[in-house]
Amino acid sequence: MSFLALCDPLPPGLDSTLMHATVLSWYSAHARDLPWRAPGRTPWGVLVSEIMLQQTPVVRVEPVWHEWMRRWPRPADLAAEEPGEAIRAWGRLGYPRRALRLHAAAGAIVARHGGDVPGTYDELIALPGIGDYTAAAVASFAFGARHAVLDTNVRRVLARAVAGTQYAPVAPTSAERRLALDLVPDGDTAPRWAVAVMELGALVCTARSPRCSACPIADQCAWRLAGSPPDDGPPRRGQPWHGTDRQVRGRLMAILRDSTTPVPKHLLEATWPDPAQRERALDTLVADGLIEPLDGDLFRLPTSPPPAGQVG
DNA sequence: CAATCGTGGGC
DNA sequence: TGCCCAAGATT
């Protein structure tokens with residue numbers, strides 16, 4: 001049983017009121033001026049930003065987000081577009097399945113919700129590509145709901161400040177969820193608290209070299225008060241890259257993205273020397289609905305949505 | 001539940 | 001240079 005699991009509802013000695021005040025004050029002074037946080041933001045803009053930000057840094061997302069908002073200011077605009085155009089406009093953000101799922105989510109928003117992004121967690125998480133984090137984030141940021149918005153930043157801040165460990169567990173635990181929810185203040189401060197903790201993790205309480213000297217809660221941080229002990233958990237495995245199917249898929253997608261006309265298969269052969277692996281990558285991309293095979297050994301980005309239920 | 005799924009920048 | 005990491009979701 002973990003340290004957190006022993007604490008109900010909050011760890012003894014944790015002054016959550018002080019933590020709220022300190023973090024919220026810090027956020028007022030240091031929050032980044034991001035477009036999806038601007039006063040005129042729409043729920044759709046928030047949703048698009050959250051999907052793009054999954055595993056992708058802010059600096060790379062910003063220009064693509066602007067272009068998407070310009071082209072597809074409402075869910076219905078994207079839904080009316082070919083899925084391949086969403087994939088193309090995704091550019092090099094990575095994980096292009098997100099673009100396909102976002103396109104499918106736009107369709108579902110039109111079909112189920114009259115074209116308006118739904119405001120509840122349950123409705124949001126039912127959309128393709130939206131999981132626990134994104135549903136909570138959109139419900140909170142765009143609609144003011146009270147949720148535990150548990151992303152990698154928040155998990156790291158709470159692991160350090162409250163649990164006293166350098167890193168959060170590999171996967172979110174029920175104890176983490178309960179702690180995060182218990183810490184969300186009541187009333188209309190909830191969404192601001194959520195974004196403030198996230199921002200603290202992104203700018204100060206970073207994974208590798210935390211800037212504790214600039215941290216507003218350094219004097220409350222359990223990890224720091226314990227002498228910043230190194231993580232004692234199992235080593236975190238990095239994902240292999242060179243030689244993997246992901247690398248091959250990436251190269252194939254790059255070619256197809258950059259071509260507005262169907263690409264002959266022989267032009268794809270230059271991407272990878274191993275024919276078997278190349279074929280496998282091509283097959284899985286077709287199966288994923290990310291590319292479309294045509295007669296005559298031609299391939300292109302998809303012009304019509306994959307069969308219902310396939311995107312996911 | 002562990003594996004899979006892109007990409008590029010910083011240290 | 002190679003490794004680690006970035007607002008996860010899905011099966």
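Quick note: numbers below take in every heavy atom, side chains included, and nothing from hydrogens, waters or symmetry partners. The chains referred to below are lettered A, B, ... by the order of the sequence lines, with proteins before strands, and numbering in each begins at 1. If you're wondering where the values come from, they're calculated on a predicted model, not measured in any experiment.
A side chain to side chain contact (heavy atoms under 4.5 Å, CB included) with A:I87 is found for exactly one of A:L256, A:L301, A:I291, namely A:L301. For the side chain to side chain contact (heavy atoms under 4.5 Å, CB included) with A:F299, the qualifying choice from A:L282, A:L267, A:L252 is A:L282, the only one to do so.
Residue A:G131 is in sugar-phosphate contact alone, with no base atom involved, counting any heavy-atom pair closer than 4.0 Å across all strands shown. Contact annotation for A:R60: base contact, defined as any heavy-atom pair under 4.0 Å involving a base atom. Heavy atoms of A:A202 sit under 4.0 angstrom from primed sugar atoms or phosphate atoms, though from no base atom. Residue contacts for A:A137: at a heavy-atom cut-off of 4.0 Å it reaches no nucleic acid atom on any strand shown. Among the heavy atoms of the strands, none lies under 4.0 Å from A:T206. In this structure, A:R156 reaches the sugar-phosphate backbone alone: every heavy-atom distance under 4.0 Å involves primed, P, OP1 or OP2 atoms, never a base. Among the heavy atoms of the strands lying under 4.0 Å from A:I130 are primed sugar atoms or P, OP1, OP2 only; no base atom is included. Within the nucleic acid shown, A:Q247 has no heavy atom closer than 4.0 Å to any nucleic acid atom. Within the 4.0 angstrom heavy-atom criterion, base atoms lie near A:W36. Nucleic acid contact class of A:L252 (heavy atoms, under 4.0 Å, all strands): none. Looking at heavy-atom distances under 4.0 Å, A:T134 makes contact with sugar-phosphate atoms alone, never a base.
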Quiz prompt | Stepwise salt bridge (Lys or Arg N to Asp or Glu O under 4.0 Å) test for A:D274 and A:R278 | solution = CA-CA 6 Å; A:D274 178 1; A:R278 208 170 55 223; over 6 Å; no

Quiz prompt | salt bridge (Lys or Arg N to Asp or Glu O under 4.0 Å) assessment of A:R236 paired with A:D231 | solution = CA-CA 10 Å; A:R236 309 145 83 76; A:D231 190 66; 5.1 Å; no

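Nucleotide C:dG2 holds its P atom 23 Å from the CZ atom of A:R236, rounded to whole Å. Atom CZ of A:R249 is separated from atom P of B:dC5 by 6 Å (rounded to the nearest Å). The distance between atom CD of A:Q55 and atom C1' of C:dC5, rounded to the nearest whole Å, is 9 Å. Protein atom CZ of A:R37 is 11 Å distant from nucleotide atom P of C:dA7, rounded to whole Å. Atom CD1 of A:I255 and atom C1' of B:dT7 are 16 Å apart (whole Å). The nearest whole Å value for the distance from the OH atom in A:Y27 to the C1' atom in C:dA7 is 12 Å. In this structure, NE2 of A:H242 is placed 13 Å from P of B:dT7, rounded to the nearest angstrom. Here the P atom of nucleotide C:dT10 and the CZ atom of A:R98 are 13 Å apart, to the nearest Å.
Taking every side-chain heavy atom of A:R246 into account, B:dC5 is the closest of B:dC5, C:dA9, C:dA6. Listed nucleotides B:dC5, C:dA9, C:dA7 differ in distance to A:R32; the shortest reach to its side chain belongs to C:dA7. Nearest to the side-chain atoms of A:T152 among the listed nucleotides B:dC5, C:dA7, B:dT7 stands C:dA7. In the set B:dG6, B:dC5, C:dT10, C:dT10 carries the atom at the smallest distance from any side-chain atom of A:R101.
Ion pair A:E199/A:R37 flagged as a salt bridge, since at least one NZ, NE, NH1 or NH2 atom sits closer than 4.0 Å to an Asp/Glu carboxylate oxygen.
Both A:N153 and A:G129 lie close to DNA chain C; mapped to their nearest nucleotides by heavy-atom distance, the more 5′-ward contact belongs to A:N153. Comparing A:R237 and A:R208 along DNA chain B, the residue whose closest nucleotide (by nearest heavy atom) sits nearer the 5' end is A:R237.
Between C:dT11 and B:dG6, the distance separating the two P atoms is 15 Å to the nearest Å. Here, B:dA3 and C:dA7 have their P atoms 23 Å apart, quoted to the whole Å.
Counting non-hydrogen atoms of other residues, nucleotides and ligands closer than 6.0 Å to CG of A:D258 gives a total above 12.
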